[in-house]
Amino acid sequence: MWIALNRPHRLNAIDRQLGEDLYQALDRLTGDPATRVVVITGEGRAFCAGDDLGAVEEHINGDYRQSPVIGNTLDPMYLRILELIVTSRVPVITAVNGFAAGAGAELACAGDLRIASTEARIGSALIKVAQAGGLVMLSRLVGAARATQIYLSGELLDAHEAGRLGIFTEVVPHDELTNAVLAQARRLADGPTAAIGLFKELREQCAGQPVQLALRFQNVVHIRNNVEVADAIEGANAFVQKRTPRFTGK
């Protein structure tokens, strides 16, 4: 299933409406057993320019109606969206069609696969406006030291440099982005998506844990996989019978 951020006149910057729409779409799709994979991309020349600065200015002045936060709180909408992506039971691909900055860079980095156009650029300009942030999702991909370097530069990386660093898993010519994403989405959708969901759960449980504890988590998930995932039986049978498995995602 595809989700396209559709505020091209604002470079797909996140205001209250876009944030709520994106959250609700992700919540609905990732909670639907029929969904096997989700793709997030942007309309126009940007993937996502981050939080909408006009809405942020209104928030500072006391008008929260368009602010990209939850209600009248200081809880940013994009944080809820990132949490949904990393904990969802299905693989999520971010198709980065243009530049991604601030919260938009965090959103791009949250994808399990991150496929970018050669026209994409990504990074943090937060230092230029005296804001701290943009660390968590980026550092998961490149480590804290490199994420610090990117933040302190205040510049956006081009697609090839971001690919070299592992921020993007694949970089393709701009007019081939849709086909490249479709190929990966179809491959994942045909795969054992229930097992992928358990892998994502394991990934989040193991983050920052001592190796002994992480290995125990892994064993628990391995046992659950064999009990809960019907595709595990199909995969084993197909391997023994030397045929291509027919996964159902269950």
Side-chain angles (χ1 to χ4, degrees), residues 1-8 11-14 18 22-23 25-26 29-30 35-50 78 81-124 134 136-143 146-147 150 155-193 195-197 199-200 203-204 247 249:
M1 301 296 290
W2 286 68
I3 298 173
L5 309 183
N6 193 18
R7 295 187 76 220
L11 304 177
N12 300 319
I14 301 171
L18 180 59
L22 178 55
Y23 180 87
L26 278 168
L29 289 174
T30 57
T35 301
R36 302 287 293 275
V37 64
V38 172
V39 176
I40 302 172
T41 193
E43 293 288 344
R45 64 188 182 91
F47 174 74
C48 177
Y78 84 91
I81 292 166
L82 298 181
E83 289 168 352
L84 266 183
I85 292 171
V86 299
T87 62
S88 73
R89 59 170 188 81
V90 298
V92 177
I93 299 173
T94 46
V96 188
N97 56 298
F99 73 86
E106 295 270 87
L107 178 60
C109 289
D112 300 305
L113 292 179
R114 303 160 304 281
I115 305 175
S117 154
T118 48
E119 295 184 8
R121 298 174 68 206
I122 189 168
S124 171
V136 175
M137 303 310 299
L138 183 60
S139 65
R140 283 160 61 106
L141 303 179
V142 300
R146 182 71 73 176
I150 293 170
E155 303 299 329
L156 302 184
L157 303 175
D158 66 37
H160 291 296
E161 178 65 5
R164 185 185 71 81
L165 294 175
I167 298 172
F168 296 145
T169 50
E170 186 177 354
V171 177
V172 299
H174 185 70
D175 59 0
E176 296 178 15
L177 179 62
T178 298
N179 286 338
V181 172
L182 277 173
Q184 291 287 10
R186 286 167 178 157
R187 178 182 67 82
L188 292 174
D190 288 339
T193 48
I196 293 171
F199 173 85
K200 292 181 65 172
R203 180 190 68 197
E204 300 309 311
F247 294 127

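Note that the coordinates shown come from a computational prediction; the quantities given were computed from them, not determined experimentally.
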Identify, with sequence neighbours excluded, every residue that meets side-chain hydrogen bond (donor to acceptor under 3.5 Å, both in side chains) alongside [X].
X: T94; result: none
X: R187; result: Q184
X: E83; result: none
X: H174; result: S117

Excluding sequence neighbours, so at least two apart, what forms salt bridge (Lys or Arg N to Asp or Glu O under 4.0 Å) with [X]?
X: E43; result: none
X: E170; result: none
X: D112; result: K200, R203
X: R121; result: none

Restricting to non-hydrogen atoms, name the atom on [X] and the atom on [Y] that form the minimum distance, rounded to 0.1 Å.
X: F47; Y: G104; result: CE2-O, 3.6 Å
X: V37; Y: A185; result: CG1-O, 3.6 Å
X: A95; Y: T41; result: O-OG1, 2.8 Å
X: V171; Y: A159; result: CG2-O, 3.5 Å
X: V86; Y: A110; result: CG1-O, 4.3 Å
X: A108; Y: V96; result: CB-CG2, 3.9 Å

Does a side-chain heavy-atom distance below 4.5 Å link [X] with [Y]?
X: L113; Y: P91; result: no
X: L107; Y: I85; result: yes
X: L11; Y: R45; result: yes
X: L188; Y: T193; result: no
X: V39; Y: I115; result: no

Who pairs with [X] by side chain to side chain contact (heavy atoms under 4.5 Å, CB included), at least two apart in sequence or on another chain?
X: A101; value: L156
X: M1; value: L29, T35
X: A105; value: I122

Legend entry - Pairwise distance SG(C48) to CG(L18) - rounded to 0.5 angstrom: 7.0 Å
Legend entry - Between CG on residue L138 and CD1 on residue I150, distance to nearest 0.5 Å: 4.5 Å
Inset, instruction - Look only at the side chain of R36 and the backbone of V90, and say whether a donor-acceptor pair between them is shorter than 3.5 Å. - result: no
Inset, instruction - Indicate yes or no for a side-chain donor-acceptor contact from S139 to the backbone of A147 under 3.5 Å, with no hydrogens or angles considered. - result: no
Inset, instruction - For a side-chain contact (heavy atoms from CB on, under 4.5 Å) with L177, tell me which candidate from T118, N97, L182 qualifies. - result: N97
Legend entry - Test: R140 and E106 ion pair at under 4.0 Å: no
Atom pairs and distances, donor-acceptor, side-chain atoms in residues 162-169, under 3.5 Å, two or more places apart:
residue : atom : partner : partner atom : Å
R164    : NE   : E161    : OE1          : 3.0
R164    : NH2  : E161    : OE2          : 2.8
T169    : OG1  : R114    : N            : 3.0
T169    : OG1  : R114    : O            : 2.9

Inset, instruction - Decide yes or no on side chain to side chain contact (heavy atoms under 4.5 Å, CB included) for S88 and L26, but give the supporting numbers first. - result: CA-CA 9 Å; S88 73; L26 278 168; over 6 Å; no
